[in-house]
Protein chains: 2
Amino acid sequence: MPKPRILPNVILGLLDNHPNMSGRDIENEFQTEIGEFWQASHSQIYPELKRMLTDGWIKIATEYVDEDAKVIRYEITADGHDHLLDWLHEPITAENDALSSLKLYFIHDRHSPTLAKILRTQVELHTKKLSHLRQRQQQLFSKDAQIDQQYGHFLILTRAIEREENNVDWLQRTLAGLK
Amino acid sequence: MPKPRILPNVILGLLDNHPNMSGRDIENEFQTEIGEFWQASHSQIYPELKRMLTDGWIKIATEYVDEDAKVIRYEITADGHDHLLDWLHEPITAENDALSSLKLYFIHDRHSPTLAKILRTQVELHTKKLSHLRQRQQQLFSKDAQIDQQYGHFLILTRAIEREENNVDWLQRTLAGLK
DNA sequence: TCGTGCATGTAATGAGTTACATGATTAT
DNA sequence: ATAATCATGTAACTCATTACATGCACGA
């Protein structure tokens, strides 16, 4: 199975929220708003938009054609919307966990069950990861001599543990705050 | 300019610490130790080792050939060691900051000036990033209504800020602890 | 002897980046 | 005028992943 493509889903998410975006608009989103955790260049975006057109996930927003002849504006179709929801509902695993932030970005409603589900799954995954990291630390650095021999490794493992602690803590606080 | 290749540097770092590794050994490192933040498959590793051989950065550890005919063991050359140090000393910028953890992994000495320098640069970069994120939060979510309209976006921005706060805090504590 | 793991390798594919390219508009 | 920006597009190249492939060793 080939790796699942993410770009079309991101574009769908953007068009779902802001109809009548041009390729250029989408490119700009990638550089500002969403650029914090996802990027794409225009040489990816334009061919992707054409593929999505033929797939019927988006269509050209004709009511805006007059305005500026050279600008092509798109809007999401019902098929595209279904596809976006399917993607958002896809189960999150350790492998695709990096997509969680991206998916959250496209959920606007505070009381969305999907949003809560993503956060709960993240708690689960990162709690596991945290305990795995702590176990590694025990195995590798139970003695001071081991720390001195691999100080850099010790540092980044320590950092990873604290990062996950902070992450799990935040997730739980946020989940509690949803209700 | 083509994107700088990282894999050869990682292999050099591994061979610098453990001489006489085979391709398989390197692959295993990528799945266990270092696998937490970097990965590579054997179909990348074997061609890369050959390239590095012809480049003179590594050589075949001949004293181990008898032991097991099919296993090819490598060791780092003086040229390779120079190259590794050059890479470790390369200035860290916002663009290549993701490599910092990887570089730290290969620094074993607690009192290495390079280690301290990487941490100091990270403090600088992440302090900047943190203030940028806080500014974004001000711009986008100064009113409660804005939060309700883009709740997912609000969450991940909040998460990013807390992550960076924790990161900067850890970096400063670690730097203080070095002395 | 049959599956699994070790150890090495190549080939096909796909995704992303950089570079190349054009025409229109807008600012200096 | 001319440089920069908007807006779109294609081509070349690199990188990584998946799949394909071989031979040996070892245990059930």
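Reminder, nothing fancy here: chain letters follow the sequence lines and each chain counts from 1.
- Atom pair B/F30:CZ and C/dA7:C1' shows a separation of 17 Å (rounding to whole Å applied).
- Contact check, B/Y46 against C/dT8: a side-chain N or O comes under 4.0 Å of OP1 or OP2.
- Taken together through direct or relayed side-chain contacts under 4.5 Å among Ile, Leu, Val, Met, Phe, Trp and Tyr, B/I147 and B/L140 form part of one hydrophobic cluster.
- Counting heavy-atom neighbours within 6.0 Å of B/D86 CG, excluding the residue itself, gives a total above 12.
- Atom-to-atom, CD of B/E48 to C1' of C/dG9 comes out at 15 Å; the value is rounded to the nearest Å.
- Nucleotide D/dT8 holds its C1' atom 16 Å from the CZ atom of A/R51, rounded to whole Å.
- Per the geometry, CD belonging to A/E27 stands 12 Å off P belonging to C/dT17, to the nearest Å.
- Side-chain nitrogen and oxygen atoms of B/K3 include none within less than 4.0 Å of the OP1 or OP2 phosphate oxygen of C/dG16.
- Applying the salt bridge (Lys or Arg N to Asp or Glu O under 4.0 Å) rule to pairs touching residues 151-176 of chain A yields A/R134-A/E165, A/E162-B/R173, A/D169-A/R173, A/R173-B/E162, sequence neighbours excluded.
- Here D/dT17 is the nucleotide among D/dT8, C/dA7, D/dT17 with the atom lying nearest to any side-chain atom of B/Q44.
- Under 4.0 angstrom from either OP1 or OP2 of D/dT8 there lies no side-chain N or O belonging to A/R24.
- By the 30° and 60° cut-offs, the orientation of the rings of B/Y105 relative to A/H153 is tilted.
- Judged purely by atom type and a 3.5 angstrom limit, B/D25 uses its side chain to pair as donor or acceptor with the backbone of B/S22.
- Between the C1' atom of D/dA7 and the CD atom of A/E29 lies a distance of 16 Å, rounded to the nearest Å.
- In this structure, NZ of A/K50 is placed 4 Å from P of D/dG9, rounded to the nearest angstrom.
- Using bins of under 30°, 30° to 60° and over 60° for the plane-to-plane angle, the ring pair A/Y151/A/F154 lands in the tilted bin.
- Between the CD1 atom of B/I45 and the P atom of D/dA16 there is a distance of 11 Å, rounded to whole Å.
- Rounded to whole Å, the distance from CD1 on A/I26 to C1' on D/dA7 is 13 Å.
- The nearest heavy atom of DNA chain C to A/L7 and to A/H42 marks one nucleotide each, and the one closer to the 5' end goes with A/L7.
- Sorted by first then second residue, the ring pair (Phe, Tyr, Trp, His ring centres under 6.0 Å) pairs that include residues 111-138 of chain A, not counting sequence neighbours, number zero.
- Checked against D/dT18, D/dT8, D/dA19, the side chain of B/S41 finds its nearest nucleotide in D/dT18.
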At a cut-off of 3.5 Å, list every protein nitrogen or oxygen paired with a nitrogen or oxygen from nucleotides 11-13 of chain D, distance to 0.1 Å.
none

